[in-house]
Every structure is written in structure tokens, then in C-alpha cells.
Amino acid sequence: MSLKFALMATAVWTVATAGLGAIAIWSLLTDPAAAVTAEVRAAQLGSGMGTLAGIGYAVIWIPFAALRGRQRRAALHANGKRPEDQ
């Protein structure tokens, strides 16, 4: 995975979650049959969307960070250095 791919995936994920959240909040605000106020429902939905967005970012960036870490450790090992010696 390249940095360019990770950045593009992050941009797409951000737009997708923002769009999904906006559609979901719009549907909550226009639903007259709910027993709870629209503000409470929107707050709960925003919290859930934040969690979903965070999980998506982790799926994108944790493998990227692991790959970069492996590459860095391999380069240090090839130069005869230990990672602690930096």
C-alpha cells in the first residue's frame, strides 16, 4: 500500500461517511413518528458515525503503518543497526 493510496482512501472514506451521516440525520429529522426528540437521535447517530469513521480510518492506516515499520526495520537491519540505536 502506498501513501498515495492511503491518502486517497482516506479522502473517499471521509466523503462517504459524511454523506451517509448527512442522509441519516436528514431521515431522522424528517421522521415524525419517533418518541425521542430529533436532537437526541441526531446526537446518538453522530456518535455512531464517529465510531464508524474511526474504524474505517484504522482499517486504512494500521496496515500502512505496519508495512512502513517492517520496511524501516529491514533497512536498519540491512545497515547493521538495531532499531534501538537510532
Side-chain angles (χ1 to χ4, degrees):
M1 174 187 297
S2 67
L3 178 60
K4 183 178 179 180
F5 176 79
L7 290 172
M8 288 178 13
T10 299
V12 168
W13 183 247
T14 300
V15 170
T17 55
L20 180 63
I23 291 169
I25 288 177
W26 173 78
S27 70
L28 285 178
L29 294 177
T30 58
D31 182 19
V36 182
T37 65
E39 291 80 16
V40 171
R41 291 181 289 155
Q44 291 172 346
L45 178 67
S47 176
M49 289 302 295
T51 302
L52 179 67
I55 291 170
Y57 294 136
V59 167
I60 294 168
W61 285 101
I62 289 176
F64 175 78
L67 176 65
R68 291 294 181 222
R70 279 193 303 270
Q71 290 173 346
R72 186 172 182 199
R73 286 188 298 277
L76 287 173
H77 182 68
N79 292 334
K81 295 181 181 179
R82 294 185 312 189
E84 304 88 39
D85 293 342
Q86 292 189 38

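In this text the structure is predicted, and so the values were computed from the model without any measurement.
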Task: Heavy-atom side-chain proximity of Thr14 to Tyr57 below 4.5 angstrom - done: yes
TODO: Look only at the side chain of Ser27 and the backbone of Ala24, and say whether a donor-acceptor pair between them is shorter than 3.5 Å.
DONE: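 Yes; at least one donor-acceptor contact below 3.5 Å.
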- [ ] Verify, without hydrogens or angle tests, whether Thr51 (side chain) and Ser47 (backbone) share a donor-acceptor contact under 3.5 angstrom.
- [x]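 Between the backbone of Ser47 and the side chain of Thr51 there is a qualifying donor-acceptor contact (under 3.5 Å).
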- [ ] Kindly compute the distance separating CH2 (Trp13) from CD1 (Ile55), expressed to the nearest 0.5 Å.
- [x]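 If I round to the nearest 0.5 Å, the distance is 9.0 Å.
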Open item on the list: Let me confirm one number: the CD1-CG distance from Ile25 to Leu20, rounded to the nearest 0.5 Å.
Closed with: 10.0 Å
Work out which heavy atom in [X] is nearest to a heavy atom in [Y]; give both atom names and the distance.
X	Y	result
Ser2	Phe64	C-CE1, 3.8 Å
Leu3	Arg68	N-NH2, 3.8 Å
Pro63	Ile60	CD-O, 3.7 Å

Task: Phe5 with Leu67, same ILVMFWY side-chain cluster at under 4.5 Å - done: no
Open item on the list: According to ring-ring contact (aromatic ring centres under 6.0 Å, His included), who are the partners of Trp26, at least two apart in sequence or on a separate chain?
Closed with: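 Testing Trp26 for ring-ring contact (aromatic ring centres under 6.0 Å, His included), a comparison that skips the adjacent residues, returns none.
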